[in-house]
Amino acid sequence: MLVLSRKLNESIIIGENIEVKVLSIEGDQVKLGIVAPKNIKVHRREVYESIQEQNKAALNIDANLIQKLTKKR
């Protein structure tokens with residue numbers, strides 16, 4: 001893991017078109033601003049992990065249920 005120190009209003013650049021800027025620091029919380037192309041997904045870690053869990057759960061749907069759903073049409 002690369003570890004960088006930044007002060008308020010300083011930023012880092014990832015690749016050629018992603019910028020992460022420190023917008024504020026209050027106590028133990030840091031507010032970041034992220035500028036990235038729209039095709040780059042940016043999530044908080046907990047949201048990302050939740051999406052991954054939902055995707056895994058969707059892969060485990062019973063094949064019989066899928067057949068029942070497709071037959072009703």
Side-chain angles (χ1 to χ4, degrees):
M1 174 187 301
L2 173 65
V3 179
L4 301 170
S5 296
R6 300 280 67 202
K7 295 178 181 175
L8 185 64
N9 295 318
E10 291 183 339
S11 61
I12 63 169
I13 303 296
I14 300 172
E16 293 189 16
N17 51 13
I18 299 173
E19 179 180 12
V20 180
K21 185 174 184 177
V22 178
L23 299 178
S24 69
I25 304 167
E26 295 177 21
D28 63 349
Q29 191 170 44
V30 177
K31 187 178 286 185
L32 302 173
I34 300 168
V35 178
K38 290 187 178 194
N39 64 329
I40 301 293
K41 296 178 181 176
V42 178
H43 300 287
R44 293 183 189 98
R45 174 175 285 281
E46 62 272 19
V47 171
Y48 176 80
E49 291 173 350
S50 175
I51 291 169
Q52 295 300 311
E53 289 297 320
Q54 291 174 17
N55 288 342
K56 286 178 186 174
L59 291 174
N60 292 325
I61 291 177
D62 183 9
N64 292 331
L65 176 60
I66 293 173
Q67 287 180 343
K68 288 178 184 176
L69 292 173
T70 56
K71 286 183 181 179
K72 289 186 176 181
R73 292 183 177 188

Measuring from atom CG of L23 to atom CG of L8, what distance do you get when rounded to the nearest 0.5 angstrom? 8.0 Å
Would you please name every residue forming a side chain to side chain donor-acceptor pair (under 3.5 Å) with E49, sequence neighbours left out? R45
Within residues 21-30 or reaching into it, pairs that qualify as side chain to side chain donor-acceptor pair (under 3.5 Å) - sequence neighbours excluded: none
Suppose clustering is done on Ile, Leu, Val, Met, Phe, Trp and Tyr with side-chain heavy atoms closer than 4.5 Å. Which residues sit in the same group as V47? I51
Hydrophobic cluster mates of M1, side-chain heavy atoms under 4.5 angstrom, ILVMFWY only, any path? V3
List for me each residue that meets salt bridge (Lys or Arg N to Asp or Glu O under 4.0 Å) alongside R44, sequence neighbours excluded, and say none if there are none. none
Using the test side chain to side chain contact (heavy atoms under 4.5 Å, CB included), find all partners of I14 that sit at least two apart in sequence or belong to another chain. I12, I18, V20
What closest approach, in Å, do V42 and I34 show between heavy atoms, and which atom pair accounts for it? CG1-CD1, 3.6 Å
Side chain to side chain contact (heavy atoms under 4.5 Å, CB included) partners for V35, two or more places apart: E19
With sequence neighbours excluded, tell me which residues meet side chain to side chain donor-acceptor pair (under 3.5 Å) with Q54. S50
Not counting sequence neighbours, which residues clear side chain to side chain contact (heavy atoms under 4.5 Å, CB included) with L65? List them please. I61, D62, L69
Remaining members of hydrophobic cluster (4.5 Å side-chain criterion), I13: none
L59 and Y48: same hydrophobic cluster, using ILVMFWY side-chain contacts below 4.5 Å? no
